[in-house]
Structures are given as C-alpha cells and as structure tokens.
Amino acid sequence: MNFTKTIIHWYSINKRSLPWRETQNPYKIWLSEIILQQTQVKQGLPYYEAFVSKYPTIFNLAKAPESEVLKLWQGLGYYSRARNLHSTAKYIVNELQGNFPNTFKDIIKLKGVGDYTASAIASICFNEVTAVVDGNVYRVLSRYYNIDTPINSSKGAKEFKILAQELIDKKQPATFNQAIMEFGAKQCTPKNPDCENCPLNQSCLALSKQKTDQLPVKTKTAKAKKKHFNFLVFISSDGKTVLEKRTGKGIWQNLYQFPLIETEKSTNEKTLRNALKNNTLLYNKKFELTLYNDEPIIHKLSHQHLYTKFWIITVENIKTETIYVKDINKYPVPILIGNFIESFNFDLV
DNA sequence: AAGACGGGGGC
DNA sequence: GCCCCAGTCTT
C-alpha cells in the first residue's frame, strides 16, 4: 500500500471546503496558518473571515493600530500570535515593499513563523517541497509506522520531519501536506479513530498491534498552578472606570484588565479592604466595596487556574487615568474580563 | 530541554 | 479531570 498516494486519494474525496483552500495568496495563507496554530478549524474560521474582511491586504493590516488587531483577535488566545502577525505585516510592508518572502529559508525568518508555518506557506503558495509536521502529522505517522519517540522532544521533531519529507509527493507538495493534516483531523483522530473505514488499515502498524490508543507518545507536562486574582471594578458617579494595559512578560500582554490584586489565598472583604487602604487609586478616599461573584470564577488556562473575584468599588471620583464606561468595549481584553463585562451590564450603571 | 503562552471542546 | 488543537518563543 502506497502511503502517499492513498492519503492524496483519500483527500480528493474527503476534503472540506474551506476559504483558505481557494487561494494561494501568501498573505491569506500566512494569516490562516497563524490563526490555526494550536487552534481547531471550527474555532479559527470566524476569526479568519473577520480578518480578511477588515484587512483585505497586508497593507491594511500593517496600517492598523495594534490594539485594533488585538481586539479582533480577542477570545482566540495565544495573543503573541496577533502581536507577531501585526509586527510582521509592518515589516513586510515597510522593509520589503509588501513583497512576501517566497522561500522556506526566508519565510521562517519571520516573527511568529516556525518550521510548520514556513513549510505550509512555502508549499501551498510557492510549490516548495517542504513537509509540514503538525499535531495531525505526528499522530498519523506515529501510528502508521508505530513510532514511539516522544513527539514533544527535539529527537522526535527531527525524526518526524525527516520521515514526512521522505513521504511528501514531490510533484504536489501542497496537496500532500494538506491531505495528511486533513486525514489526521477527520480520519486518524486522537480519540476513537475510524480504523474500520480507513484506507490504510491493512498496513497500519499501530492498528495491527492494537496500539492506536497509545500513540503518539508525549512526555508529561507540568500541571497548572492555582492563582487568586482580585479585579477591582471601579465605578465613579460620573460614569468612569479604570482599565490598565498589561505590559509585563506573562499572559495577556498588551491586553487590558481592571486593576488587579493577586493574593496567595482566597481573600475576603475584610482582608481586601485592608489591602486597599494603601492603594494609590483610593488613598484617603471613601468608597463602597462589594463582591460581585460569591463563588470565585475558575478560569482554566494551560498553565494556570485562575480563581477570580470581581470587586465592585463605587467612589465619587477617581484619581487616576480613567476611561468612560461607555467606551469599555473598544479595548481588547482577555475573555475572562470580557465575560464579566458582558454579564455585569455596565449600561445600567 | 523545559516552560510559558488561551481558550474551546471531546470524552 | 485530562487531553488535544493546521506551534512558537523564551529561558
């Protein structure tokens, strides 16, 4: 059974109709590939449509302010993708006269573009014979060839890249790359793969050894740490509140949030009130403090579980940089904040 | 080599 | 509760 021919034939019958399959425009392919990093097609599709609609060309994207790009990205996560996307658009427009680099070697130099994305763009847009290795490819190849090298190791990355590069169809690299990914997404799925109806079930080594549920192998990752977040939702009598831009190293860089007090443990009103005495936003001011959510909202990220409380603080006026509540939806915020803003309904304030 | 980086969805 | 998703960057 010829693996490559079988995969391509399967794809010709089973491929989904997706907007980025109708183009070889490097801007659109690049955009789609960045959006789809660590993101399922179903989740990324509406964002792709929104970006193409708002920024039809790389010149439109390059002209936009970063906060507008982050706003459009809001809810998709991994916001460094959006920051790098915007930064790279400006670079290509300003330094390369808008000409997208057209070889793997040059494409991979772009910020936010690694081996996978450079291979995807080079093959799809420029017919370069360079194999993609994403989560789907790891799964398909580890099963078909019964390879138990951990896929999240540098040895695994090299090994699977070499194998994929041997298997790629030299005459139609773009089709093969998309075919093997689609095959992983729709046929050789992580759970309950449809081996019964698989065109490769006569030659798949994992299936013959009944090991499909043990492949691919991945070494353990650290489990999430608990954190306690207290957001201070200021409301002044003249309809203002406070949002701060996160500028630090960690999560949600360049997104906005209510002033945050992080505590070691879950905190109560008395403790928080005490902590607020020395807060520069409130120093020597009278305020009312109420807890919005009786039970902490548990927001789960890959590496952190955020136990979150929203504290409503009403004051006469605020002695710091404020925004009008009516403008609050213009700012890019983490989904945790966005959900609160939606449920709190500031319009009634 | 190991962590950090989001949010949604499957089971 | 754990794993995965059209991965990349930093330490």
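The figures here come from the full heavy-atom set of this structure, side chains too, leaving out hydrogens, waters and symmetry mates. Each chain gets a letter, A, B and so on, in the order its sequence line appears, and its residues count up from 1. Just so it is clear, the structure is predicted and the values come from calculations on it, not from any experiment.
- A close approach under 4.0 Å does not occur between any side-chain nitrogen or oxygen of A:T39 and OP1 or OP2 of B:dG8.
- Regarding contacts with the backbone of B:dG7, every side-chain N or O of A:Q43 stays at 4.0 angstrom or more from both OP1 and OP2.
- There is a side-chain donor-acceptor pair under 3.5 Å between A:R246 and A:Q257.
- With a cut-off of 3.5 Å on both pairing distances, the Watson-Crick and G-U wobble pairs of DNA chain B assemble into stems of 3 or more at B:1-5 with C:7-11, B:7-11 with C:1-5.
- Looking at heavy-atom distances under 4.0 Å, A:W20 makes contact with a base.
- Contact annotation for A:V113: backbone-only contact, meaning every heavy-atom pair under 4.0 Å involves sugar-phosphate atoms and none involves a base.
- Distances shown here put a side-chain N or O of A:H299 below 4.0 Å from the OP1 or OP2 atom of B:dG7.
- Across the protein-nucleic acid pair, A:N254 atom CG and B:dG6 atom P stand 11 Å apart, rounded to whole Å.
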Does the pair A:F258 and A:F340 meet the rule for a ring pair (Phe, Tyr, Trp, His ring centres under 6.0 Å), with working shown?
CA-CA 11 Å; A:F258 299 106; A:F340 166 80; 5.7 Å; yes
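- Between A:G112 and A:S32, it is A:S32 whose nearest contact on DNA chain C lies nearer the 5' terminus.
- Regarding A:I121, its CD1 atom lies at a distance of 12 Å from the C1' atom of C:dA6, rounded to whole Å.
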Give the C-alpha distance, both sets of side-chain angles, the deciding distance and a yes or no for ring pair (Phe, Tyr, Trp, His ring centres under 6.0 Å) between A:F344 and A:Y292.
CA-CA 9 Å; A:F344 185 66; A:Y292 175 70; 5.4 Å; yes
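- When each of A:K220 and A:R21 is assigned the nucleotide of DNA chain C with its nearest heavy atom, A:K220 is the one assigned upstream, toward the 5' end.
- Taking atom CD of residue A:Q38 and atom P of nucleotide B:dA4, one finds them 16 Å apart after rounding to whole Å.
- If you take atom C1' in B:dG6 and the same atom in C:dC5, they sit 12 Å apart, rounded to whole Å.
- A donor and an acceptor atom, one from each side chain of A:S67 and A:K330, are nowhere located under 3.5 Å apart.
- Rounded to whole Å, atom C1' of B:dG6 lies 11 Å from atom NE2 of A:H303.
- A:K223 comes within 4.0 angstrom of nothing in the nucleic acid, heavy atoms only.
- The closest side-chain donor-acceptor pair between A:D194 and A:T189, if any, does not fall under 3.5 angstrom.
- Atom CG in A:L76 sits roughly 13 Å away from atom P in C:dA6 (whole-Å rounding).
- In this model, the phosphate group of B:dA4 is approached by a side-chain N or O of A:K225 to a distance below 4.0 Å at OP1 or OP2.
- Residue A:N177 contributes atom CG, which lies 13 Å from atom P of C:dG7 at whole-angstrom precision.
- If you check the side chains of A:Q37 and A:Y116, you find no donor sitting under 3.5 Å from an acceptor.
- Distance from the side chain of A:N84 is smallest to C:dC9 among C:dG1, C:dC9, B:dG8.
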Check nucleotides 9-11 of chain B against the protein and report each pair of N or O atoms closer than 3.5 Å, with its distance, or say if there are none.
none

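- Mapping A:S80 and A:T219 onto DNA chain B by nearest heavy atom places A:T219 at the nucleotide closer to the 5' end.
- Atom P of C:dA6 sits at a distance of 14 Å from the matching atom of B:dC11, rounded to the whole Å.
- A donor-acceptor contact under 3.5 Å links the side chain of A:S302 to the base of B:dG6.
- Nucleotide C:dG7 holds its C1' atom 9 Å from the CG atom of A:D134, rounded to whole Å.
- For the residue pair A:N152 and A:T219, a side-chain donor N or O sits within less than 3.5 Å of a side-chain acceptor on the partner.
- The phosphate of B:dG7 has OP1 or OP2 within less than 4.0 Å of a side-chain N or O from A:W252.
- Heavy atoms of A:Q253 sit nowhere under 4.0 angstrom from any nucleic acid atom.
- In this structure, of C:dT8, C:dC5, C:dA6, it is C:dT8 that holds the atom nearest to the side chain of A:Q37.
- In this structure the side chain of A:I124 reaches within 4.5 angstrom of the side chain of A:E33, judged on heavy atoms.
- Taking atom P on both nucleotides, C:dT8 is separated from B:dG8 by 22 Å, rounded to a whole Å.
- Rounded to whole Å, atom C1' of B:dG6 lies 17 Å from atom CD1 of A:I297.
- In terms of phosphate contacts, A:R81 brings no side-chain nitrogen or oxygen within less than 4.0 Å of OP1 or OP2 of B:dG6.
- In the model, A:E182 has no side-chain atom that pairs as donor or acceptor with a side-chain atom of A:N14 under 3.5 Å.
- Taking CH2 from A:W30 and CH2 from A:W20, the interatomic distance works out to 16.0 Å, rounded to the nearest 0.5 Å.
- A donor and an acceptor atom, one from each side chain of A:T57 and A:N60, are located under 3.5 Å apart.
- Here the side chain of A:T117 is nearest to one of C:dT8, B:dG7, B:dC5, namely C:dT8.
- Within the 4.0 angstrom heavy-atom criterion, no nucleotide atom of any strand lies near A:G44.
- Looking at heavy-atom distances under 4.0 Å, A:N152 makes no contact with the nucleic acid at all.
- With hydrogens and angles left out, the side chain of A:Y78 and the base of B:dG6 share a donor-acceptor pair within 3.5 Å.
- A donor-acceptor contact closer than 3.5 angstrom is absent between the side chains of A:Y324 and A:T241.
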